[in-house]
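No hydrogens, no waters, no symmetry mates; every other heavy atom, side chains included, goes into these values. The shown structure was predicted, so the numbers you read here are calculated from the model rather than taken from an experiment. Every chain is numbered from 1, with letters handed out A, B, ... down the list of sequences.
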Amino acid sequence: MNEDLILSVAQLNAYTQRMLKQDMLLKSVTVRGEVSQFKPYSSSGHWYFTLKDENARIECCMWRANAIRSRVRPAEGMKVLMTGYMDLWPVSGKLQFIVTGIREDGKGDLYARFEQMKAMLYAEGLFDVSRKQLLPILPRKVAVVTSEDGAVYHDIRKVSFHRNPGVPIVLIPVPVQGETAALLIADGIRAAASLPDVDVVIVGRGGGSMEDLWSFNEEVVARAIAACPVPVISAVGHETDFTISDMVADVRASTPSNAAELAVPSREEMKDRIQSVLNRLDMAGKQQLYKSRQQLSQTGKRLISCRPENRIQSVREKERLLNQRLDQALDRILQSGRTACENTSSRIEREMEDQLGQTRKNLENLAVSLRNLSPMRVLQRGYAMVTGPEGVVSSAAAARKMTELNLCFSDGNVVVRPANEGDKNGRESDF
Amino acid sequence: MEENLTFEERLEAANSIVAMLESGKLPLEEAVRKYEQGLRLLKELEKELNETEQRLTVLREDMNGNLSEQPMEGFE
């Protein structure tokens, strides 16, 4: 203790102030604590509040100039990181921590920023479903933007190879957390898209805390994904982690393996799809053929039924009918002619018969008459015909000279010998 | 002239011929000529249909055969 050196209060304060200003640490220091007793409506525009933790407190002041620029506005109970310097008021001896910058400490800050970013990008339409590109059916090459070590790249490679070994995977190594990560991730996405043959980009990282995943909530990354000409699959963190990358990306994968499944179709799947398309093609072809055949068949049937033979047939038929009619007509004419002839000939016949009959009658009459005049009749009346060797003997004188005479009676002949001359009984008489 | 028309166009032409014949207004000689023409056309079309069917069958078998080798090649 130096009793020779006696300072005034002012000197004490001034000295202390000088010491504070010179101290390396206290010239610029960041302190973690909680805000309390914040008085926002000071007339001067400066902010006055207390920074405290469980063990101690210190009075704080933030000059208006800094306060206006501050992105963070203190609130009662807010956990903060305050940067500034210690100062002592020479007059009052009051110690104050002069704050030049405030940062929010702890998760509260991050959530707010997340919501802010989300709202801003949503308003710009970056999350719109209509913006999302379709993944290619079979990519020529897949680019993966992630850390070199870590399971993400490894898992993607494994799953992809298993599904289709023919699809090459290329890695764009980037840091996936830390201050510079966001910018490098964004660069990585742009680089990936510019590589030839890259048809899909997977961007992601393994699980972690919100702070760990923070890079994938950054605006640069979001804009890089949005601007990417090639479809982007976001695979950040675990199943339950949702980052802004996930929302802006064309597709969100729940895990890296899932990302590989989405990017690379399995060969089996492809074969099935091709087969089903082939089947549909085949079916369509068959249907078309069937339809065409039907139409052809129908037209064919109609044509057949229009056969000219039909017409010729009908003409022939007409001809036949005409002939028939002609024949019939002819027949009728002949028939009537015949009938007429027959009638006439019947009449003639009848007449002839009549005449014949008549003539027969006449003849018969004559015959009767004749019969009556016949010598037989004469004979019946008792006469007899005398015939000699030279015929009828009609003279007695002649008869006497014959030796034999035939007497023809009506019922027979008698041969007589005329009695000679001198016959006693014989009496001769002459007429 | 008929060579350059499509299947459908020629089928349509055949239908027209049939319609003409069905109307019965054609004189006999022309009817016979048109009938022959129609018949020829239909025979042609049928032949083509058969050929196409054949081609599709061959194509399908070929596709199925090649499926395991190069699924994406020559696939239009």
Side-chain angles (χ1 to χ4, degrees), chain A residues 136-141 163-168 197 199 264-319, chain B residues 6-8 10-76:
Chain A
I137 291 175
L138 184 67
R140 289 167 294 174
K141 198 182 255 182
R163 284 165 80 83
N164 194 331
V167 176
D197 289 348
D199 288 329
V264 177
S266 81
R267 296 189 72 213
E268 288 311 309
E269 236 179 76
M270 290 310 295
K271 272 166 84 167
D272 285 345
R273 282 179 77 160
I274 290 169
Q275 190 60 54
S276 99
V277 171
L278 273 177
N279 287 348
R280 279 171 56 202
L281 204 68
D282 194 49
M283 183 64 62
K286 283 202 175 110
Q287 264 179 350
Q288 182 61 45
L289 271 173
Y290 180 74
K291 193 176 100 164
S292 295
R293 237 182 236 292
Q294 286 290 88
Q295 287 172 341
L296 200 62
S297 162
Q298 219 177 37
T299 304
K301 283 195 181 116
R302 278 171 62 203
L303 187 68
I304 296 294
S305 68
C306 289
R307 270 200 302 254
E309 281 101 307
N310 288 350
R311 274 183 63 164
I312 291 173
Q313 190 86 316
S314 82
V315 166
R316 282 233 180 84
E317 182 65 16
K318 279 194 194 133
E319 195 188 21
Chain B
T6 66
F7 181 89
E8 285 72 18
R10 276 177 287 155
L11 187 61
E12 193 47 46
N15 273 317
S16 303
I17 289 175
V18 170
M20 270 192 270
L21 286 169
E22 276 171 347
S23 75
K25 294 200 177 111
L26 295 176
L28 190 63
E29 222 190 278
E30 201 179 333
V32 172
R33 249 185 301 122
K34 280 281 172 217
Y35 179 76
E36 276 175 0
Q37 192 183 14
L39 216 53
R40 231 185 314 122
L41 206 54
L42 288 178
K43 280 207 164 65
E44 232 176 71
L45 290 173
E46 177 156 9
K47 180 157 160 261
E48 250 181 63
L49 216 55
N50 288 336
E51 279 170 5
T52 305
E53 195 169 34
Q54 187 76 332
R55 271 165 64 197
L56 284 184
T57 308
V58 169
L59 212 65
R60 183 155 75 92
E61 282 165 6
D62 191 43
M63 276 274 121
N64 277 333
N66 281 336
L67 204 52
S68 35
E69 323 302 327
Q70 295 152 350
M72 284 293 147
E73 212 99 286
F75 194 64
E76 289 196 9

Q | Option in A:Ser292, A:Gly166, A:Gly285 with maximal non-hydrogen atom pairs under 4.5 Å from chain B | A | A:Ser292

Q. Got more than 12 heavy atoms from elsewhere within 6.0 Å of CZ, B:Arg55?
A. no

Q | Minimum heavy-atom distance between B:Val18 and A:Cys306, given as atom pair plus value | A | O-SG, 4.0 Å

Q: Return yes when atom CD of A:Gln298 has more than 12 non-hydrogen atoms of other residues, nucleotides or ligands closer than 6.0 Å, and no otherwise.
A: no

Q | Under 4.5 Å from a heavy atom of chain B, the part of A:Gln288 involved | A | side chain

Q: Would you name the heavy atoms of B:Tyr35 and A:Leu303 that are closest together and state the gap between them?
A: CE1-O, 3.4 Å

Q: State, to 0.1 Å, how close B:Leu49 and A:Arg293 come at their nearest heavy-atom pair, and which atoms those are.
A: CD2-CG, 3.4 Å

Q: Heavy atoms only, distances under 4.5 angstrom: which of B:Thr52, B:Leu39, B:Asn15 has the most pairs with chain A? Name it, please.
A: B:Asn15

Q. By a 4.5 Å heavy-atom criterion (distance strictly below it), what part of B:Glu36 contacts chain A: side chain, backbone, both, or neither?
A. neither

Q: Would you indicate whether B:Glu29, at its atom CD, is surrounded by more than 12 heavy atoms from other residues, nucleotides or ligands within a distance under 6.0 Å?
A: no

(Q) Tell me if the CD atom of B:Glu51 is crowded by more than 12 foreign heavy atoms within 6.0 Å. (A) yes

